[in-house]
S.K.: 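This structure is in structure tokens; I'll ask about it shortly.
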Amino acid sequence: MLGIPPELVGVLGFVVTLVLVALRLPVAVAMGLVGVLGSIPLAGWPAVRFMLGTQPFGAVHPYGLSVLPMFIFMGVFAAHAGLSRNLYDGVQALIGHARGGLAMATIGACAGFGAICGSSLATAATMSRVALPEMRRRGYADSLSAASIAAGGTLGVLIPPSIILVIYALLTRESIGALFAAALVPGLLGTALYMLAVNVQVRLRPDLGPRGDRHSARERLVALARTWDVAVLFVAVIGGIYAGLFSPTEAAAVGAAGAFVFAALRGRVTRGVLLSGIRETAITSGMIFFILIGAALFNFFIESSNLPQYLVSLVDGVAWPAWAVMIVLLLFYSCSDASWTACR
Amino acid sequence: MVDITQLCVMAMAFWAIPFAFVREGHVKITFATEWMPARARSAIDAVAALAGAALVVLIGRYGYEQALTALAYGDSSQTIGIPMIWYWAVRWPASAAATLVVALRHAAVALSPASAR
């Protein structure tokens, strides 16, 4: 195009997308539009026209994507069933008496909820409903309460099941089960480190999180026993995948049905809850699927620009040490993180 | 089963996208424009809605073309042979719905700068 190398057009496309996103354009729309408009000079209108017909279809068609709405549904109804409340009470009975204990309990409960929910947004939203009022009541600083929920929420995508790992697995043709297994240890490590961070913070500023009441051993056992349903769901879904009993799609269906049954058994499924649960599932799914479509269009543009091959040849050419490549990659990903915040 | 699941997911995805537009469910970044006056932000939102409408119009328009091709070739799904046109049929009206919704929202936003957030 006008003598500009296609790789440069690719880089410009990235920049324009980021600017559009900063200007409040929905992420999916920004990626899709830049993908379409940018591809026209690079690939020619006939190719773009064909791509506009086929890519959105192809982005939504893969069978593996069927797990997304079901994992979302599972998280929504697990929250309605009160599983998040029980988790919080359980962890709180164990460590709530310590200084900053409620904040650490929040992180622990987020990790537990992450084991039955694949989305960070849902985990943070659910836990803020459960844990925030409790921390406020006990005089915790808003800064510490909000931070522990926001940080804890990120465990939602790390600890399997995870929506973003499903998408990654489908895009890169990796095994969903293997990625789930790989994320478990970082997830647990994250849980421990976030708790440690809370601990350090309240040591430095004890007024942030006052001590709570100590619970008896019996109370702890009772509170922990109430979290049995979370354990059952986690073992059925993730255990089922590892044991080879279910494919990820089947496991997601089992989880969605299970969470719904738990909610129904507790009499929590009213007409209103059912409707709002389905609505929430639909909105989140629609948002993710639209981003997949936008990403597919954008991907066509980036492929047409030859940028990936160019970058690979650059990396091959300079023969950097592995750690330097790693740092550049990390920088790159933290810059492009904005577009992924969406799926959390 | 695989074919039916895919058909359901496709219908669900394309019908949920306009719904997410209605409920403001699509992810956007707002912190970079916080400093702007409400009027400027609502103007940007109107342009953004127009851009969204343009994108779904394009997807709908050329998706329709592909659908006609699939119909003409009589393509069918791999396992139980559902005609591929069904897969297009469940999504095409949704694309049209999406277009309408985005366009309406654009109009609403543009007409009421006072309601801008």
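By convention in this document, chain letters (A, B, ...) are assigned in the order of the sequence lines, proteins followed by strands, and residues within each chain are numbered from 1.
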S.K.: Might you point out which heavy atoms bring L23(A) and M36(B) nearest each other, and give the distance in Å?
M.R.: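 Shortest heavy-atom separation between L23(A) and M36(B) comes out as CD2-CE, 4.2 Å.
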S.K.: Using side-chain heavy atoms (C-beta onward) and a distance below 4.5 Å, is I17(B) in contact with I293(A)?
M.R.: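 Yes, their side chains come closer than 4.5 Å.
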S.K.: Considering only heavy atoms from C-beta outward, does the side chain of I59(B) approach that of L297(A) to under 4.5 Å?
M.R.: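 In contact.
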S.K.: Are Y62(B) and W45(A), when compared by the centres of their aromatic rings, separated by less than 6.0 Å?
M.R.: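 Yes - the distance between ring centres of Y62(B) and W45(A) falls below the 6.0 Å cut-off.
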S.K.: Checking A28(A) against chain B: side chain, backbone, both or neither under 4.5 Å from a heavy atom?
M.R.: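 A28(A) touches chain B through backbone heavy atoms alone.
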S.K.: Let me know if I44(B) has heavy atoms under 4.5 Å from chain A in its side chain, its backbone, both or neither.
M.R.: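 For I44(B), side-chain heavy atoms alone lie under 4.5 Å from chain A.
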S.K.: Please state whether the side chain, the backbone, both or neither of V60(A) comes within less than 4.5 Å of a heavy atom of chain B.
M.R.: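 Its backbone and side chain both get close to chain B.
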S.K.: Using every non-hydrogen atom in the two residues, find where V29(A) and L55(B) come nearest and quote the distance to one decimal.
M.R.: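 Smallest heavy-atom distance, with atoms named: CA-CD2, 3.8 Å.
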S.K.: To the nearest 0.5 Å, how far apart are CD in Q6(B) and NE2 in H61(A)?
M.R.: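 The CD atom of Q6(B) sits 4.0 Å away from the NE2 atom of H61(A).
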S.K.: Heavy atoms, side chains only, cut-off 4.5 Å: are E65(B) and F50(A) in contact?
M.R.: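 No, side chains not in contact.
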S.K.: Can you tell me if Q66(B) uses its side chain to pair, donor with acceptor, with the backbone of T54(A) under 3.5 Å?
M.R.: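 No; judged by distance alone, with no hydrogens or angles, the pair does not exist.
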S.K.: Between atom CD of E250(A) and atom OG1 of T5(B), what is the distance when rounded to the nearest 0.5 Å?
M.R.: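 The distance works out to 9.5 Å.
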S.K.: Take atom OH in Y168(A); do more than 12 heavy atoms of anything else shown fall under 6.0 Å from it?
M.R.: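 Result for OH/Y168(A): open.
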S.K.: Compare every heavy atom of A16(B) with every heavy atom of A282(A), then report the nearest pair and how far apart it is.
M.R.: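 Answer, listing the atom of A282(A) first, then A16(B): O-CB, 3.3 Å.
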S.K.: Select one option (side chain, backbone, both, neither) describing which atoms of M12(B) are under 4.5 Å from chain A's heavy atoms.
M.R.: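 The side chain, not the backbone.
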